[in-house]
Amino acid sequence: MVISYNAVLKFPNMETESRYKEVLEAEKNCYNYLSQIFGRIDFKHHRLSRYDVQSEYYKELRAKFPLLSSQMVLKVILEAVGNWTTCIANEKDNFEPPTKKNLSMVLDKRLYNNLTRNTVDLTVPGFKRVHCTIETYEHLDKLFEVYRPQNCNVFYRNGRFFLTILFDVPEI
């Protein structure tokens with residue numbers, strides 16, 4: 001069973017925090033741009049694998065959204081293909097192209113490392129790895145003691161960044 005907890009994420013300075021917000025904006029815009037492309041090419045009837053999308057649109061997305069690292073663009077492609085495939089599988093014939101409204105990004109080991117109970121290093125384009133602090137609380141500290149954290153998500157809400165930390169907890 002996977003459980004998740006949100007913790008406040010603090011950047012070392014306003015410059016890197018501002019840059020990361022720009023990165024999340026670019027990631028959202030990249031997703032919405034790719035989703036609109038899928039609508040134009042009739043993805044519903046001509047499904048493409050993420051590999052087909054990557055070979056066809058990767059260079060275009062990198063050129064149009066230079067703030068995003070290559071791994072961030074690949075994550076956008078994976079997310080967009082997954083969301084479109086889900087909409088199609090749910091037999092929604094006349095759905096609007098899925099759009100992303102919030103600032104968020106799924107992270108993997110190429111976008112963060114050194115996750116501990118109080119810190120994480122995030123990839124911030126233009127700054128390489130940035131050492132950030134995490135505001136934890138007692139229950140989250142206990143989870144770090146007992147379980148190993150899995151991949152994370154980062155999101156921005158109400159003027160603050162949050163890190164969603166996933167833990168794989170065995171069922172009893």
Side-chain angles (χ1 to χ4, degrees), residues 1-36 38-39 61-62 64-84 86-87 90 92 95-169:
M1 167 175 60
V2 176
I3 58 173
S4 66
Y5 281 89
N6 295 332
V8 175
L9 183 66
K10 299 276 188 179
F11 286 85
N13 56 50
M14 290 303 293
E15 184 182 14
T16 54
E17 183 175 324
S18 173
R19 172 56 69 96
Y20 207 74
K21 187 176 177 191
E22 291 172 13
V23 167
L24 291 181
E25 285 280 355
E27 194 269 350
K28 177 183 83 168
N29 294 337
C30 183
Y31 175 93
N32 292 337
Y33 178 78
L34 187 58
S35 189
Q36 292 300 319
F38 289 170
L61 295 174
R62 286 284 286 154
K64 187 159 180 70
F65 301 97
L67 189 57
L68 299 179
S69 70
S70 59
Q71 187 59 32
M72 291 172 180
V73 170
L74 295 175
K75 292 302 250 179
V76 168
I77 290 170
L78 183 64
E79 184 179 5
V81 169
N83 288 347
W84 270 82
T86 299
C87 288
N90 289 335
K92 294 181 178 179
F95 63 88
E96 289 293 317
T99 58
K100 193 170 194 175
K101 297 178 178 96
N102 299 320
L103 300 180
S104 65
M105 184 169 26
V106 176
L107 304 177
D108 66 11
K109 293 294 182 186
R110 290 166 292 268
L111 297 175
Y112 81 96
N113 66 5
N114 299 329
L115 175 63
T116 67
R117 73 177 66 199
N118 296 320
T119 63
V120 65
D121 295 339
L122 293 178
T123 299
V124 181
F127 292 90
K128 299 195 180 203
R129 295 278 181 172
V130 175
H131 190 71
C132 302
T133 58
I134 302 169
E135 287 184 13
T136 61
Y137 43 94
E138 185 179 340
H139 189 66
L140 186 58
D141 287 338
K142 288 179 183 176
L143 286 171
F144 268 105
E145 289 174 13
V146 178
Y147 305 109
R148 187 170 168 208
Q150 305 297 313
N151 284 347
C152 302
N153 302 332
V154 65
F155 65 94
Y156 183 81
R157 185 177 299 146
N158 298 328
R160 295 177 11 179
F161 285 93
F162 294 88
L163 188 68
T164 302
I165 306 167
L166 305 172
F167 293 92
D168 189 13
V169 177

**Request:** Tell me, please, which residues at least two apart from V2 pass side chain to side chain contact (heavy atoms under 4.5 Å, CB included).
**Result:** L166, D168
**Asked** Who are the side-chain hydrogen bond (donor to acceptor under 3.5 Å, both in side chains) partners of K101, not counting sequence neighbours?
**Response** none
**Complete:** Residue set satisfying side chain to side chain contact (heavy atoms under 4.5 Å, CB included) with N13, at least two apart, ordered chain then number -> E15, T16
**Request:** Starting at CZ of R129, measure out to CG of L122 and round the result to the nearest 0.5 Å.
**Result:** 8.0 Å
**Message:** By the salt bridge (Lys or Arg N to Asp or Glu O under 4.0 Å) test, which pairs, at least two apart or in different chains, include something from residues 145-166?
**Reply:** R117-E145
**Item:** Test side-chain contact (heavy atoms from CB on, under 4.5 Å) applied to L9 and Y20, step by step
**Value:** CA-CA 12 Å; L9 183 66; Y20 207 74; 5.5 Å; no
**Request:** Can you see which heavy atom on C132 is nearest to which on D121, and at what distance?
**Result:** N-OD1, 4.5 Å
**Complete:** dist E27:CD -> S104:OG (nearest 0.5 Å) comes out at 6.5 Å
**Message:** Using the side chain to side chain contact (heavy atoms under 4.5 Å, CB included) criterion, which residues pair with V169? Sequence neighbours excluded.
**Reply:** I3, Y147, F167
**Message:** Using the rule given for side-chain contact (heavy atoms from CB on, under 4.5 Å), can you reason through M105 versus V23, listing the C-alpha separation, both sets of side-chain angles and the distance that settles it, and then say yes or no?
**Reply:** CA-CA 9 Å; M105 184 169 26; V23 167; 4.1 Å; yes
**Complete:** For F144 and T116 the tightest heavy-atom approach is CZ-O, 3.5 Å
**Item:** Gap between atom CG of L34 and atom CD of E79 - 0.5 Å precision
**Value:** 10.0 Å
**Message:** Does F155 form a side-chain contact (heavy atoms from CB on, under 4.5 Å) with L24? I'd like the steps, not just the answer.
**Reply:** CA-CA 8 Å; F155 65 94; L24 291 181; over 6 Å; no
**Message:** Any heavy-atom pair between the side chains of C152 and L115 that's under 4.5 Å?
**Reply:** yes
**Prompt:** Going from CD1 on I134 to OG1 on T136, what distance comes out if it is rounded to the nearest 0.5 angstrom?
**Reply:** 8.0 Å
**Asked** Is the shortest heavy-atom distance from the side chain of I77 to the side chain of L61 under 4.5 Å?
**Response** yes
**Message:** Does N153 form a side-chain contact (heavy atoms from CB on, under 4.5 Å) with V106? I'd like the steps, not just the answer.
**Reply:** CA-CA 4 Å; N153 302 332; V106 176; 3.6 Å; yes
**Asked** Rounded to the nearest 0.5 Å, how far does CG of L78 lie from CD of Q71?
**Response** 9.5 Å
**Message:** Going by side chain to side chain contact (heavy atoms under 4.5 Å, CB included), name the residues that satisfy it together with K21, two or more places apart in sequence or in a different chain.
**Reply:** L103, Y156, F161
**Asked** Is the CE atom of M14 crowded by more than 12 outside heavy atoms at less than 6.0 Å?
**Response** no
**Message:** Please find the pair of heavy atoms, one from S35 and one from W84, that lie closest to each other, and give the distance.
**Reply:** OG-NE1, 2.9 Å
**Request:** Write down the atom of R19, the atom of P125, and the distance for their closest heavy-atom approach.
**Result:** NH1-O, 2.7 Å
**Request:** State the CG-CG distance between L140 and N6, to the nearest 0.5 angstrom.
**Result:** 9.5 Å
**Item:** Pairwise side-chain contact, N83 with Y31, heavy-atom cut-off 4.5 Å (strictly under)
**Value:** yes
**Request:** Please tell me if the side chains of R110 and S69 come closer than 4.5 Å, counting only heavy atoms from C-beta onward.
**Result:** no
**Message:** Does any part of the side chain of N29, heavy atoms only, come nearer than 4.5 Å to the side chain of F65, both counted from C-beta?
**Reply:** yes
**Request:** Looking only at non-hydrogen atoms, find the nearest pair between K64 and Y33 and report the distance.
**Result:** CE-CE1, 3.3 Å
**Prompt:** Between T86 (side chain) and G82 (backbone), is there a donor-acceptor pair under 3.5 Å?
**Reply:** yes
**Request:** Please report the closest heavy-atom contact between N32 and P98, naming both atoms and the distance.
**Result:** OD1-O, 4.5 Å
